[in-house]
Enquirer: 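Here it is, the structure in full.
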Amino acid sequence: MLQIPCPWCGPREDAEFDFGGEADIQRPADPDALDDAAWADYLFMRVNRRGVQREQWVHTAGCRRWFVVERDTVTNEILQASTMGRRP
Amino acid sequence: MSQPYRLPRGGRIDRGAPLQFTFDGRTIHGYQGDTLASALLANGAALIGRSFKYHRPRGIVAAGAEDPNAFVQLGRGARAAPNRLATVTPAAHGMQVRSVNAWPSLDYDVMSLLGLAAPFIPAGFYYKTLMWPRRLWPLYERVLRRAAGLGRAPSGPDPDRYDYVHARCDVLVVGAGPAGLAAARAAARRGARVILADEQPQPGGSLLASAERVDGVPGHAWAAAAAADLAASPRVTVLPDTTVFGLYQSNLALMVERRREQPGDAAGTERGARTWRVTPRRIVLASGAHERPLLCANNDLPGVMLASATAAYLHRYAAAPGSRAVFFTTNDTAYRAALDLAEAGVPVAAIADVRADPDGRLPAEARARGIQVLAAAAVRRVLGRRRVAAVELCSLDGSPRGVVECDLLGLAGGFAPALHLHAQAGGRTDWDPALAAFVPRRSNGVHPAGGAAGALGTAAALRQGAQAGASAAAAAGFTADAAPAPPGGGPELPSAQDAPDLGFQPYWVPPNALGRVKPQFVDLHEDVTLDDLRLTLREGFEAVEHVKRYTTLGMGPDQGKLANPLATGVLAELQGLHPAAVGAPRYRPAYTPVALGALAGRSVGALSDPLRATPMQAWHQAAGARFESVGQWRRPLAYPQRGETVHDAAARECLAVRRRVGLLDSSTLGKIEVNGPDAGEFLERVYVNTWKRLPPGRCRYGLMLGEDGMILDDGVTARLDERRYLTFTSTSGAAEVLAWLERWLQTEWPELRVYLTSVSEHWACLALAGPRSRETLAAAGTDIALDRQAFPHMTFRAGRVAGVRARVFRISFSGELSYEINVPADQALHVWETLLECGRPFGIAPYGTEAMHVLRAEKGYVIVGQETDGSVTPLDVGLRRMLSRRKDFLGKRSLSRPALLRADRKQLVGLRSDDPAQVVPEGAPLVDAPSRRRPLPMRGHVTSSYHSPALGRAIALALVSGGRASLGERLYAAAPDDRWIPVRSCLPIFYDPTGARLHV
Amino acid sequence: MQRYSLPHLIRRGLRGQRGWTRAWRKAAPKPSYDVVIVGGGGHGLATAYYLAKLHGVRNVAVLERGWLGGGNVGRNTAIVRSNYLWDASAHIYEFSLQLWEGLSRELNYNVMFSQRGVLNLGHSAHDMHGLARRVGANKLNGIDAELLSTEQIARLVPILDTSAAARYPILGGTLQRRGGVARHDAVAWGYARAADALGVDIVEGCEVTGIRAAAGRVAALETTRGEIRAGKVGLVVAGNASVLAAMAGLRLPIQSHPLQALVTEPLKPVLDPVVMSSAVHVYVSQTDRGELVLGAGIDAPTSYDLRGSFRVIEHTLAATVELFPIFSRVRMLRQWAGTVDVCPDASPIIGPTPMEGLFVNCGWGTGGFKATPGSGWVFAHTLAHGQPHPLNAPFGLDRFAAGALIDEHGAAAVAH
Amino acid sequence: MDDPGPSTADRGTTLVERPFLTHVDLRLDPDDRGALAAVRTALGLRLPLEPNTTASPRPLTSPAVIAANGPPRIEDGAGIQTSHPDLRPPAASVLHAFWLGPDEWLLLAEPGAGGMLVRVLRAALHPRAAAVTDLSAGATVLRLRGPEARAVLAHGCALDLGPAAFPPGACAQTLLARAQVLVAAIDARPTFDLIVRRSFAPYAAAWLRDAGSAHGLRLARPRAA
Ligand SMILES: Cc1cc2nc3c(=O)[nH]c(=O)nc-3n(C[C@H](O)[C@H](O)[C@H](O)COP(=O)(O)OP(=O)(O)OC[C@H]3O[C@@H](n4cnc5c(N)ncnc54)[C@H](O)[C@@H]3O)c2cc1C
Ligand SMILES: NC(=O)c1ccc[n+]([C@@H]2O[C@H](COP(=O)([O-])OP(=O)(O)OC[C@H]3O[C@@H](n4cnc5c(N)ncnc54)[C@H](O)[C@@H]3O)[C@@H](O)[C@H]2O)c1
Ligand SMILES: Cc1cc2nc3c(=O)[nH]c(=O)nc-3n(C[C@H](O)[C@H](O)[C@H](O)COP(=O)(O)O)c2cc1C
Ligand SMILES: [Zn+2]
């Protein structure tokens, strides 16, 4: 079982979290300006890295915050976890 | 007393507690403290099963979890326990034990004739044959399946319960042999919280199976005292009978603790088990080592045993494993066992030692005792039918050294560390040439010690154990000086005799000079022979994983604990490779098999998965509702009255709503408050339609898309005040929609000042619908003005209903005048009952989801998940006009992709069957014209279909390719019974198309 | 190739199994091939076989980084069926199923394809709705499909808990009788042997580490055994598709997830058909050896780790015990995982890429074993002609830009 | 470790429901000192800013509270008293505040204070971007107390609830078997409050009874309001 370090709550069991895929995928500011291929790129295309990946998690059964994790997708080792900044 | 092989003295058995059990109907006598295996041996039963493939006679090989043969069936009926290992199953009075894989009896097994065909059934046999003729494969397969398998599954639901516990500790020690005990003590003395688990019922490990002394007392006594000392410490949990079966990610350790019978149980009843889920900071692996067998012909006959096992039966159980022994060895350990046997009165006829010059202390002792020691010698072949009768000895150069009669052959091929858990967790290993085995490298928080680290000898085990315990504790933050009161007495490092140098010499493949005698089994359980390995290599399956899969080596219930370490050496020698280049097949959980019920733990039956309840759940039950599953909810489907079917009831409920008034429990709907200065802006981004200009007090239907443009969820949103909206979601979408909104807010638009709060559980929701709902609501008592002008359609009001503060929404999913009354859940039942009471003069009926579905279908309202399936856009269901052109929203860009604009997309239409009484089956495909041709192009399918009581005819909704453009066309629905049902498409609205009834 | 036949087996048996030769040559890579297939799994090997057999392209290599068949083909629960929902899927999987029916003969290798039926359970009205829809669609596509009542299911699999009080009540189900299981390893070995016999070089222990292009066209592969020039390259590496695509500068709509499975100890036969419940993520069959083979749902995070999270297994087993109460005392023997390549629409990608000469066959996710013969067949066609076959034309990479997804999970169908 | 066979011996561990308490969800920006101060003035309470902690309980006696405890008014659809109709807002109720997230707290008080708390806080925080939501009817509290309380929870909760890691004043949202709960350590007997969503309460209670059966867990009746 993977222990995931929530930057707020500390390490918890993976059952408390949901995975949100690669981090740093920005929603295009003006979707209409993109052609179909560029839009598909944003929607579907992923690096799916073998190695260290920046990714998003949410502490669903805990503080409900989304945060960013750096994890090695081969060893599952988590190198870092950081908050996404607070609102408002 | 019929225990001819029971020794008069010794053993860790309780001679004051005799017991008996049956084995294949035969009575076996034993004592408390026996395992099934030791009792069987004491009774002289050598043959205990038939092998998996060739049905050869098999006996007991080991004294622990590594035995490849001793699988038996325990108990009967629902409590039957298949494939239990006799070597680790405690004997209990009254048990019924049966052999597996033999018919009609163990002695005369018909399938053993297969053994004769063995030369024709080599590894990979099945892949090369049974292909002709193709038709016959099912028949061949039936025969194969009958012959395969081992035990029989229980015949009924498991009557046992399994417990489950989470635990944390600083140091988990696996194994309570000398190494483990020393480690636990060292760690605990430094203040660490320790869990010490051992699969055996008693602590001591190998100490139980020898005459060694520790700290001047017998090893077993030392172990018992050391464990008791540890158990007395509040920081230490000692768990006997507990196997660590898996080491998972983040070193999560899974253990299973067996629980034996309870007072009043039939004897030998397994009472479920307790699963321990341990999160340790560090792990000491003190799991010992497994002895390796040696190859010779017929090395599988009952009576062939590991040398260490002979000593274990002798010392631990006072059971003589034979009456005349021969040993075959590569090192000195067999001499110890031989001497002990001789001491106990079992003559040892000979020791065949592959070493040219065995001259250590132990060989000298053996010679001195008059045991014949043959140097540079091997056992060539074992003779006998159902058990060992003699062995054929020869020199390594092939010259015969005689045939020696015996009924026991002890094999001592060296030791392989039990590094399974370490390797499961991805730990590295190194090849230790002195040991000729892989040893674990300390890594990933696992500290190996003792036999598991390749140490032979109790002194070394104690020393390494103490070191590992200390270093594990230190790594977990505990050092010697920080030590609080040490548990127990005794020195940290007890004294023991150091083992002599064992002088190990590898012996993998018998030299060619010995001739190709067969069969020589590498894996006893899987009946894999040396010749199978040769053939496998010849056919090019050289990688160890290929060998495994082609021969099934190591794939039995023993997972090759004995076979795999042997096979590595054998394969290396056959290929002329270094053993490290051959490697070992990958280790996986479980170390020993673990019951599925134990892994399910408490999550069974009523606790398997939460069943969620609305405040009215008990009322529904009492009213005789029939329920349907919707996610974790059970919602009332309908409320049948005497003699009514669900269908009748739903029809009656529909009419009640259309003509009078009905009441639905829709508390399961998701409800989210969207709160903040930017709430309107936020909704604009996530919904297809506009929100900022919705005036407070008003409601609007909204549609939410995924970024791919597909419908995600729908529902009404009300504007509570300037900065607050209340959004309703579908029941099944409740959690998902909240998560979706929260995600966008936090990850993409953190600048929006919006807070989302789920109020789903706080507000119960009662939908009062029908032309007389206004009167009913008035009768129930409300301070809200209900007349049409004061409270029009698509608005909401706050006030009191039946004395309870409520939010009342004039929204409708039925097409009738309707009030969705939200009240705090803890007062909802009161309101529900009051409405029903006050509605009685108006003919009120509670209605369920079936009627709700029919009513909305009559109006052509879609249900997300029924009309949509993740591939349906708002355009497809005719909601184009809802899409705002003025703003961007999630999914908008996707809608202009070419495939989503095609004219032949499936679009929502209504269907009327030609025969108004004919309800088209839901899910039925639609075609242009009936035909027997296949594939037959499909135009679409029926998404919803009902008999409409209000219209007195069948109605349906469907998704039909190009449907909107060709309303009125004739289509045919294919019923499951292969009839064609003629239908005509129409607008998807059947009742009150102008919506007049909503605005009354 | 030594043809396997009864007389042949008897002769070998009489001669102490001496005369056997390698099932496939231990080929060393040549400097150049017309077509190089990357990935020695079922799909790659089948592709090579059909290229050589049907299209006369024999200067072909299959490069496998480890030992052949060690990927998902060697670690899947081996369920074969064709009852997919959408036409495009139904056609390709049904074509594949028909190939399965003759595969042992075709390869002269018994892949033990056992058509004992695949039963899908429905536990709610919503499930039943989806199942009915699928049966209707399957029948029009010429795929055998039956809708079963609870009573029929109770007769077919008496050990299921079909009582109304069950936590996951069984309201009905569908049965595809022609579905079943096959011996997974044998499929890889059978194709390898047959492809080798047609001249295909099967190179094990050869990892592709780079893809070189010249003038926008694929030119050569860098491997741990040196550079290999190639006219065309087919990437058939399942869970590693994104890693290989990245070598060509491409991103794919693929996520790699661990998918876990386990076997129990062997039992005498208790379960005949394959039983699947997508609602609770359980699928189980009993092999000819007697073990129960159970599969779980994917682990949510992407990962290339071959272990997976234990809680996924626990969940599956809890649901399994609810469905099959008698399995509670049966014991888990071994548990493992594979890395599956999941597409957003749970359908594969088979076709050209933006780099000329470079083709992909991936995205089969949790359910590509059943497609092995069909996938190889259409991919061979695609490589040979540079054009997809009509069967795989809907499965191009271009469907993502066009929005023409073939959404097999959204549409209440199930994976595996 | 004791054997989990059902045990009738009362070992002093009890489970009791604390129904009808006031639960109010509060969201605000913790970097907004003004907002924190406003809450402090209105309720006499410092919101806990340290994750997974509880503010020490305060009596509800601030001037704003006293003023607001007049006759309830209805401002809009939400400023609603939601407790059981029989329950009157108490004269001197005690208020607990649990950290739920960096910008979210749960306020727990005696029954009947929901409407008042919402009014007081909304007034105090106006016009800031903050959210105050009465959720009293949406959750219940199960109180587990006694020497084996930790052992009972350990059957389904992976958190380290030992006195060092989880002392009185600690709280955490987590999973208890398959239900989401807020666990709060109240005192060292030990006492734990489990705040459970309403629809999951039957499951959680059944689960606790089952897990507690081996620990002599006794069910106590909720004290009369
Ligand atoms: C647990 C599990 C259960 C499943 N159950 C089913 C089921 O019941 N039914 C079903 O139809 N499907 C099932 N599947 C899916 C199925 O196994 C796969 O979809 C299918 O096997 C993939 O095709 P393949 O056989 O070619 O892949 P693989 O066998 O994975 O082949 C890919 C090969 O590429 C090699 N490779 C990767 N990178 C490189 C490189 N750089 N250079 C050279 N070689 C490389 C790999 O080593 C591997 O051998 C399951 C999968 C798993 C993991
Ligand atoms: N018979 C021999 O000649 C021989 C050979 C090698 C070692 N030894 C002796 O073995 C001792 C080594 O001591 P040790 O403490 O390392 O080993 P050990 O064999 O004494 O103890 C290991 C213990 O771990 C338990 N165990 C193994 N795997 C487990 C698991 N997964 N879960 C729970 N329990 C598990 C075993 O049942 C056993 O009780 C020395 O006394 C040494 O002399 C003897
Ligand atoms: C259909 C199927 C049946 C299997 N049966 C067994 C079995 O009877 N015994 C066994 O030890 N492993 C069995 N395995 C698991 C393999 O031993 C192995 O764990 C799996 O192929 C994954 O490989 P790995 O563990 O080397 O990573 C089976 C695997 C599959 C796919
Ligand atoms: Zn958190």
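Residue numbers begin at 1 in each chain, while the letters A, B, ... track the order of the sequences.
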Enquirer: Do Q746(B) and F67(A) have side chains that get closer than 4.5 Å, going by heavy atoms?
Expert: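 No - every pair of side-chain heavy atoms lies 4.5 Å or more apart.
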Enquirer: With a 4.5 angstrom heavy-atom cut-off, is it the side chain or the backbone of L890(B) that approaches chain A, or both, or neither?
Expert: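 Contact with chain A: backbone and side chain both.
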Enquirer: Heavy-atom distance under 4.5 Å to chain A: side chain of L738(B), backbone, both or neither?
Expert: side chain
Enquirer: Do D888(B) and R27(A) have side-chain heavy atoms sitting under 4.5 Å apart?
Expert: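 Heavy-atom side-chain distance check passes, below 4.5 Å.
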Enquirer: With only heavy atoms counted, which part of N76(A) is less than 4.5 Å from chain B, the side chain, the backbone, both or neither?
Expert: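 It is the side chain, since no backbone atom gets that close.
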Enquirer: Is any side-chain heavy atom of D18(A) less than 4.5 Å from a side-chain heavy atom of R743(B)?
Expert: no
Enquirer: Relative to chain B, which segment of D35(A) carries a heavy atom at a distance below 4.5 Å: side chain, backbone, both, or neither?
Expert: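 Backbone only.
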Enquirer: Chain B contacts: which residues in residues 47-61 of chain A have a non-hydrogen atom closer than 4.5 Å to it?
Expert: Q56(A)
Enquirer: Quick one: what part of I25(A) sits under 4.5 Å from any heavy atom of chain B, side chain, backbone, both or neither?
Expert: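 When you check distances to chain B, only backbone atoms of I25(A) fall under 4.5 Å.
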Enquirer: Below 4.5 Å from any heavy atom of chain A, which atoms of E748(B) appear? Answer side chain, backbone, both or neither.
Expert: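 Only the side chain of E748(B) comes within 4.5 Å of chain A.
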Enquirer: For L756(B) and R64(A), which heavy atoms make the closest approach, and how far apart are they?
Expert: O-NH2, 3.6 Å
Enquirer: Is there a side-chain contact between R277(B) and E13(A), using heavy atoms and a 4.5 Å cut-off?
Expert: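 The answer is yes, as the side chains (C-beta and beyond) meet within the 4.5 Å cut-off.
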Enquirer: I need the S250(B) OG to I4(A) CD1 distance, nearest 0.5 Å.
Expert: 8.5 Å
Enquirer: Does any heavy atom of chain B fall under 4.5 Å from the side chain of W39(A), the backbone, both, or neither of them?
Expert: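 Looking at W39(A), just its side chain touches chain B.
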Enquirer: Do the side chains of D36(A) and R893(B) get close enough for a salt bridge, i.e. N-O under 4.0 angstrom?
Expert: yes
Enquirer: Can you tell me which of G676(B), A739(B), S894(B) forms the most heavy-atom pairs within a distance under 4.5 Å of chain A?
Expert: S894(B)
